[in-house]
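Below you'll find the structure, written out as structure tokens, and then a few comments.
Remember, predicted model here, so these are calculated numbers, not experimental data. Here is how names work: the chains are called A, B, and so on, in the same order as the sequence lines, proteins then strands, and each is numbered from 1.
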There are 2 protein chains.
Amino acid sequence: MALRHAVLAALLDGEYSGYQLAKVFDVGVANFWYAAPQQLYGELAKLERDGLITGRQVIQRHRPNKRLFTLTGAGVAELERFASAPAKPLVLRDDLAVKVHAVDHVDPEPVLAQLAERASTAAAKLALYERTLRELRQDTDEETFLRDGERVGPYLTCLAGCRLERTVHDWCVDTARVLRQRARTGSHP
Amino acid sequence: MALRHAVLAALLDGEYSGYQLAKVFDVGVANFWYAAPQQLYGELAKLERDGLITGRQVIQRHRPNKRLFTLTGAGVAELERFASAPAKPLVLRDDLAVKVHAVDHVDPEPVLAQLAERASTAAAKLALYERTLRELRQDTDEETFLRDGERVGPYLTCLAGCRLERTVHDWCVDTARVLRQRARTGSHP
DNA sequence: ATAGGCATGTAAGCAGTTACATGATTTA
DNA sequence: TAAATCATGTAACTGCTTACATGCCTAT
């Protein structure tokens, strides 16, 4: 199973509707797991069938009703079991890296454009994650929060997100610089 | 399509058999794309059917025969088309990050063990990638190689691998330190 | 008015994973 | 003698992506 546990972990933070989870998983925060909305609705239905979560209907005025989901005891137990099972290696798949690998044999212009775009989305994500960190730790400084805070899990994964996006951003910028310089001097057919 | 282009890009480096590609894709070097052997044999068959690669049989003594694959003109054209199409966002999925997200609600011991393991595999990959970089640039220094080298694509993606593994490694070490300290002082039920 | 946000799903198809299957040769 | 390396596949299953479908409310 896969998405399953990411959803359970997300529900540790409180009640969520499918729509709300979709937004969280769209950015990929909180879980290092991307998922499309349709996938979430499907997974939530399965999780409820299996008794790992329960949904309660919330009637709303002026907007569609929604269902908020909470972890059950069985859900928490399943998370516990998952956490102590051996971790699968991280899955990374990147189109852009494949393109850079091939850059000596194809037109570098579109690749440069894509590197610039990736750099700017990484910068945007970084800013978002840094805002999230500030919200999580409130007035406390980071060191104190990590030592005494009650719930540091989401903070730690968000830190991972920051580092990752910074790495991605810097790599894109540096790689683009190399390719642009080569295009200028142009001594490679 | 997905694996497809990663395989085509890998074949820019020369002829490969399914078995050889499997080793490359198992580590994930060269392409930022992991793939299991079975997947590769399947994909190679499809690519040959579609005329993007051609295989030639190599008869061997003392070991099984193999088939080496090369890009065709159509294959290179397909790569060119792929490189200029908009890049899909990078896909990242990580069990371990999900576990860290949940670490305040589950037993941290097994998570610590998994962080240590991840840190050491990241260090091993880093060492491997650094060796690869040295092989690629031979005697030249990095700056010169990136300016004047003929084929920098694989070098640039390998640099990305280095940065990524370093980021992963450091995050695991730092996260483990935070969690160990919390376990010692133990003021959080 | 139109775009965007809220809110939930179904269906079909493709990609990726896990398990199974085989067999010779080299190294420890 | 056992384990690792070379070498190639098939089959079943699960999970993920893409496309489709609906409809109200709010803000510009």
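To the nearest angstrom, C1' of C:dT8 lies 11 Å from CD of A:Gln57. If you take CG of B:Leu40 and P of D:dT10, they are 14 Å apart, rounded to a whole angstrom. One interatomic measurement links the two molecules: CD of B:Gln60 to C1' of D:dA7, which rounds to 9 Å at whole-angstrom precision. Across the protein-nucleic acid pair, A:Phe69 atom CZ and C:dT8 atom C1' stand 10 Å apart, rounded to whole Å. The interatomic distance linking B:Lys66 (NZ) with D:dG9 (P) rounds to 14 Å, in whole Å. Atom CZ in B:Arg67 sits roughly 17 Å away from atom C1' in D:dC6 (whole-Å rounding). The distance between atom CG of A:Asp26 and atom P of C:dG5, rounded to the nearest whole Å, is 12 Å. Rounded to whole Å, atom P of C:dA7 lies 13 Å from atom CD1 of A:Ile59.
Heavy-atom nearest nucleotides on DNA chain C were determined for A:Gly42 and for A:Lys23, and the one closer to the 5' end corresponds to A:Lys23.
OP1 or OP2 of C:dC6 has at least one side-chain nitrogen or oxygen of A:Tyr19 nearer than 4.0 Å. When the side-chain nitrogen and oxygen atoms of B:Tyr41 are compared with OP1 and OP2 of D:dT8, one or more of them lie within a distance under 4.0 Å.
Remark: the A:Thr54 side chain and the A:Thr72 side chain contain no N/O donor-acceptor pair separated by less than 3.5 Å.
Ion pairing of A:Arg118 with A:Glu165 is absent here, as no side-chain N (NZ or NE/NH1/NH2) approaches a carboxylate O to less than 4.0 Å. Salt bridge status for A:Asp174 with A:Arg177: present, with a side-chain N to carboxylate O gap under 4.0 Å.
Between B:Tyr155 and B:Phe145, the ring-plane angle classifies as tilted under the 30° and 60° cut-offs.
At least one cation-pi condition fails for B:Lys66 and B:Tyr19: the charged atom is not both under 6.0 angstrom from the six-membered ring centre and inside a 45 degree cone around its axis.
Residues A:Tyr34 and A:Phe25 keep their aromatic ring centres 6.0 Å or farther apart.
Judged by distance alone, with hydrogens and angles left aside, the side-chain atoms of A:Arg182 form a donor-acceptor pair with the main-chain N or O of B:Gly149 at under 3.5 Å.
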**OP:** Heavy atoms under 4.0 Å is the rule here; annotate nucleotides 16-28 of chain D 5' to 3' with B where the base is hit, S where only the sugar-phosphate is, and - elsewhere.
**Re:** SBBB---B-SS--
